[in-house]
Colleague: 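The structure under discussion is supplied below as structure tokens; questions concerning it will follow.
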2 protein chains.
Amino acid sequence: MPCQGEGGITWRHRRGSITAIISPLPNVKVLMERSHPVTIVDVAERAGVSPGTVSNVLTGKRPVAESTRQRVQRAVEELGYQPNLLARSLVNRSSNTLGVVAYGLEYYGPSRTLVGIERQAAELGYSLLLDLLHRPDDQDVDAVLAELTARRVDGIIWAVHEVGDNHAWIDETRLHSLPPMIFLTMEQRPGAAIVATDNRAGARLATQHLIDAGRRTVGILTGPTSWWEVRERLAGWRNALEAAGLEASPALIAEADWTAAAGEAALKALLVRRPDIDAIFACNDQMALGALHCCLAAGRRVPHDIAIVGFDNTPESAFFWPALTTVRQHLAELGRLAVNELHRQIEAQQQGATLTPARHLLHPELIVRASSGGAG
Amino acid sequence: MPCQGEGGITWRHRRGSITAIISPLPNVKVLMERSHPVTIVDVAERAGVSPGTVSNVLTGKRPVAESTRQRVQRAVEELGYQPNLLARSLVNRSSNTLGVVAYGLEYYGPSRTLVGIERQAAELGYSLLLDLLHRPDDQDVDAVLAELTARRVDGIIWAVHEVGDNHAWIDETRLHSLPPMIFLTMEQRPGAAIVATDNRAGARLATQHLIDAGRRTVGILTGPTSWWEVRERLAGWRNALEAAGLEASPALIAEADWTAAAGEAALKALLVRRPDIDAIFACNDQMALGALHCCLAAGRRVPHDIAIVGFDNTPESAFFWPALTTVRQHLAELGRLAVNELHRQIEAQQQGATLTPARHLLHPELIVRASSGGAG
DNA sequence: CAATTTTCTTAAAACGTTTTAATCATAGTG
DNA sequence: CACTATGATTAAAACGTTTTAAGAAAATTG
């Protein structure tokens, strides 16, 4: 029978023992030279209780007498005990960790979204395991998913743009063997929760603004059409123009690769084909910058001869020359929402329920500046 | 004695059993309705060996007969077994994980660096645990460090700018209770390994370039001087000017907050004070953009009246008007180097050795474009 | 005051791996 | 053939937690 009180110790010492120097002053103890990280057993010994009781104090899941709680707390502090989350996760079958698979972190959108994800995750008590793809379309995705499940993440956020057929990577059966998962910017399909910006609405907003400003021949500068976002923005552009009875033909479309350099070149070629263009909707701010450059070089005044609208509202866009009218996405909010939704799914699953996967669409907003002539 | 061969099973079934449907076709087995994740014991049962042997096959750390290896491999595949890295980490006392503490991920530099970190980490087989600070200077850093050590990361990368006295957060005694750690962009001090861009050299490069172009009154547009990087760049600017016998007085310094907006305002004020300024070194590209804007608005021609050089070489900088001369850092390389160095420290520590902490300084390079008149 | 409930504690069994030391074949020696 | 190497395999003990079921002490009751 374990003896108690007076600091009696019944738990066996294992491995290197703790050398405690008890200073002459009462209640002041200095620990030195621990040869191994302190465990819950060490704390239990010092507090004269069982490991189970220490656990109860720490997790607060079950009642414990005030006096022993204090004794344990003091032992924890004196030893500088830090629980081993690996062990805890192992027995709990939950790591309090979310996996984030992302692409293009060096760009504005994804990094902003990641910040939102991290914040909300931290708020809900999750840690983040980060995996980056080097290309959106050709990578061994199985390896990263295997890695994440091997680490027993509670959920996965898929923040990779839908490009080409990469959405086929994770089919429904695959999804079945994975923890709860949420997709950012990916086309809706059964069994998967989604949080995304309404790209189509954003493009409509931009195009309608140009139409309202009296423009009649609105070209579009797109990213690669293998991207789902691009196809959505194209659709929005087409919608707005057709609704206004204006031309929305392929002849007005120039495809680039998201960069300012390519944007400049693509617009240059487009203007040769269609010198009558009096407005451009660029699918991101960088290509819009390239477009501004192109116009400047070609002697076309912005916005007098050509009005330009971008997409993203990067911080620099307000300082382009002229300042860029653009579409703002709520990127951090997107990330927060994704985490919240994922959290819901996780909790539901832990309680044995299954939620019907939600689908959130965030509405972008138009920021009017000089490049569209709209700022007056 | 455990019976072997013929698929004899000696390992007890625990929890929900595996229901295997053996199809009429030989060697084709379909598994259904597993009620629990498959463990190494399940694999062992199916292969008719002990868990220890399965472990030996999987880790390859000890020899195992070819025939049993194949039997185990097949069992692994048939069951779709995925090792539980939490359990493995627990017994190995190493999680194959690096903690990354970062700030300002929404900005160009940090996100680029993170990409470099992630790549090299993936290459070396580490997973990344990401923690973001919301501000560089006032946060409970203890909590994030505790979290990382609780998850038993093998090492920590500190990618937070040194601002104010935040370097005091992690003093040498604190460092002693942490896993190996490497600091990005932090002033050298004993006991800590460092990888950073040579900011001073970069600033010298930029300033010297302006001097060589015949400028005589070179102002500087800085970020907050509480940042270590800013103080370094200021020093480089001063070095170059003093070496050339030119003025480097406080009257030529304008402080802003890294944004284009503040850069524009700060330069405007500076030009009122010192209308004789004929060149500006801006401590990042965004403030340089603000500076361009300011000059444009004030009717000062760039580079004719004022030459401007930035810092960072953001992709957009080549498309500013005029195209921006700037200093390029090798940000991704910085991240890779940090991981490599940290990896060295980790390996050394695991072998009981201690490395003297290294200090890498990366040399930035000057990218000459139109804004300094240097492009011809 | 005996009987019963309530409140705290605890021993022991998980969780899913790896590792150590021991066992057991098998093959190689003299 | 007895003996020793050699190599493959295994039982059992870690790793550091939480949880379950049971037990002990204290508090409440009749």
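The basis for the numbers below is simple: all heavy atoms, side chains too, and nothing from hydrogens, waters or symmetry mates. A quick note: this is a predicted structure, and the numbers were derived from the prediction, not measured. In the text below, chain A, chain B and the rest are named by the order of the sequence lines, each starting its count at 1.
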Colleague: Considering only D:dC15, C:dT17, C:dT9, which nucleotide approaches the side chain of A:Asn56 most closely?
Modeller: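 Nearest listed nucleotide: C:dT9.
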Colleague: Where each residue is assigned the nucleotide of DNA chain C containing its nearest heavy atom, which of B:Gly52 and B:Ala87 is assigned the position nearer the 5′ end?
Modeller: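 The residue whose closest nucleotide sits nearer the 5' end is B:Ala87.
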Colleague: Report yes if at least one side-chain N or O of A:Thr53 is closer than 4.0 Å to OP1 or OP2 of C:dT10; otherwise report no.
Modeller: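 Indeed, a polar side-chain atom of A:Thr53 lies that close.
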Colleague: Let's see if you get this right: which residues in residues 61-70 of chain A place a heavy atom under 4.0 Å from DNA chain C?
Modeller: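 Heavy-atom contacts with DNA chain C come from A:Arg62, A:Pro63, A:Val64, A:Ala65, A:Thr68.
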Colleague: Any side-chain N or O of A:Asn92 under 4.0 Å from OP1/OP2 of C:dA14?
Modeller: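 For C:dA14, neither OP1 nor OP2 has a side-chain N or O of A:Asn92 closer than 4.0 Å.
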Colleague: A:Val49 side chain: which of C:dT18, C:dT10, D:dG16 is closest?
Modeller: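 Within the option list, the nearest is C:dT10.
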Colleague: Between B:Ser50 and D:dT10, is there a side-chain N or O to OP1/OP2 distance below 4.0 Å?
Modeller: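 The answer is yes; a side-chain N or O of B:Ser50 sits under 4.0 Å from OP1 or OP2.
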Colleague: Could you check whether any side-chain heavy atom of B:Val101 comes within less than 4.5 Å of a side-chain heavy atom of B:Val141, counting everything from C-beta outward?
Modeller: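 Sidechains of B:Val141 and B:Val101: no contact.
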Colleague: Out of C:dT10, D:dT18, C:dG16, which nucleotide sits closest to the side chain of B:Asn84?
Modeller: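 The listed nucleotide nearest to B:Asn84's side chain is C:dG16.
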Colleague: Side chain of A:Arg93, heavy atoms from C-beta onward: which of C:dG16, D:dT18, C:dT18 has the nearest atom to it?
Modeller: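 Nucleotide nearest to A:Arg93's side chain: C:dG16.
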Colleague: Check this one for me: any side-chain N or O of A:Ser55 less than 4.0 Å away from OP1 or OP2 of D:dT18?
Modeller: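 For D:dT18, OP1/OP2 do have a side-chain N/O of A:Ser55 under 4.0 Å.
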Colleague: For A:Arg151 and C:dG16, give me the distance from atom CZ to atom P, rounded to whole Å.
Modeller: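 Between P of C:dG16 and CZ of A:Arg151: 17 Å.
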Colleague: Which whole-number value in Å describes the distance from B:Arg71 CZ to D:dA8 P?
Modeller: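 Going from B:Arg71 (CZ) to D:dA8 (P), I get 14 Å.
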Colleague: Decide yes or no for A:Ser95 and A:Arg151: does some side-chain heavy atom of the first lie under 4.5 Å from some side-chain heavy atom of the second?
Modeller: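 Not touching, per the 4.5 Å side-chain cut-off.
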Colleague: Tell me whether A:Asn92 contacts the main-chain N or O of A:Ser94 through its side chain, where contact means a donor paired with an acceptor under 3.5 Å.
Modeller: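 Here the side-chain-to-backbone pair does not exist.
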Colleague: For B:Tyr126, give me all partners under ring pair (Phe, Tyr, Trp, His ring centres under 6.0 Å), at least two apart in sequence or on another chain.
Modeller: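 For B:Tyr126, the residues satisfying ring pair (Phe, Tyr, Trp, His ring centres under 6.0 Å) (neighbours in sequence not counted) are B:His343.
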Colleague: Among D:dT18, C:dG16, D:dT17, which is the nearest nucleotide to the side chain of A:Thr59?
Modeller: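 Selected nucleotide (nearest to the side chain): D:dT18.
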Colleague: Are A:Arg344 and A:Glu347 within salt-bridge range, i.e. N to O under 4.0 Å?
Modeller: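 No, this pair does not count.
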Colleague: With a 4.5 Å limit on heavy-atom distance, are the side chains of A:Val115 and B:Leu132 in contact?
Modeller: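 They are in contact (side-chain heavy atoms under 4.5 Å apart), so the answer is yes.
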Colleague: Under the side-chain hydrogen bond (donor to acceptor under 3.5 Å, both in side chains) test, which residues partner A:Asn96, sequence neighbours left out?
Modeller: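 If we apply the side-chain hydrogen bond (donor to acceptor under 3.5 Å, both in side chains) test to A:Asn96, skipping adjacent residues, there are no hits.
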Colleague: Without decimals, in angstroms, what is the distance between B:Leu85 CG and C:dC15 P?
Modeller: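 Atom-to-atom, B:Leu85 to C:dC15, this comes out as 18 Å.
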Colleague: From CD of A:Gln82 over to C1' of D:dT17, roughly how many Å is that when rounded to an integer?
Modeller: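 Nearest whole value for this atom pair: 15 Å.
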Colleague: Round to a whole Å and report the spacing from CG of A:Leu90 to P of D:dA14.
Modeller: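 Result: 17 Å.
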Colleague: What's A:Ser89 touching, base or sugar-phosphate or nothing? Going by heavy atoms closer than 4.0 Å.
Modeller: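 Nothing: the residue A:Ser89, judged by heavy atoms under 4.0 Å, touches no strand.
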Colleague: Which whole-number value in Å describes the distance from B:Leu86 CG to D:dT17 C1'?
Modeller: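 Rounded to the whole Å, the gap is 12 Å.
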Colleague: What is the distance, rounded to the nearest whole Å, between atom CD1 of A:Ile40 and atom P of C:dT10?
Modeller: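 Spelled out: CD1 on A:Ile40 to P on C:dT10 is 12 Å.
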Colleague: Can you find a pair of side-chain heavy atoms, one from B:Leu128 and one from A:Leu129, that are under 4.5 Å apart?
Modeller: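 A side-chain contact is absent here, since even the closest heavy-atom pair is not under 4.5 Å.
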Colleague: By nearest nucleotide on DNA chain D, pick out whichever of B:Val91 and A:Val91 is the more 5' one.
Modeller: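 Counting from the 5' end, the first nearest nucleotide belongs to B:Val91.
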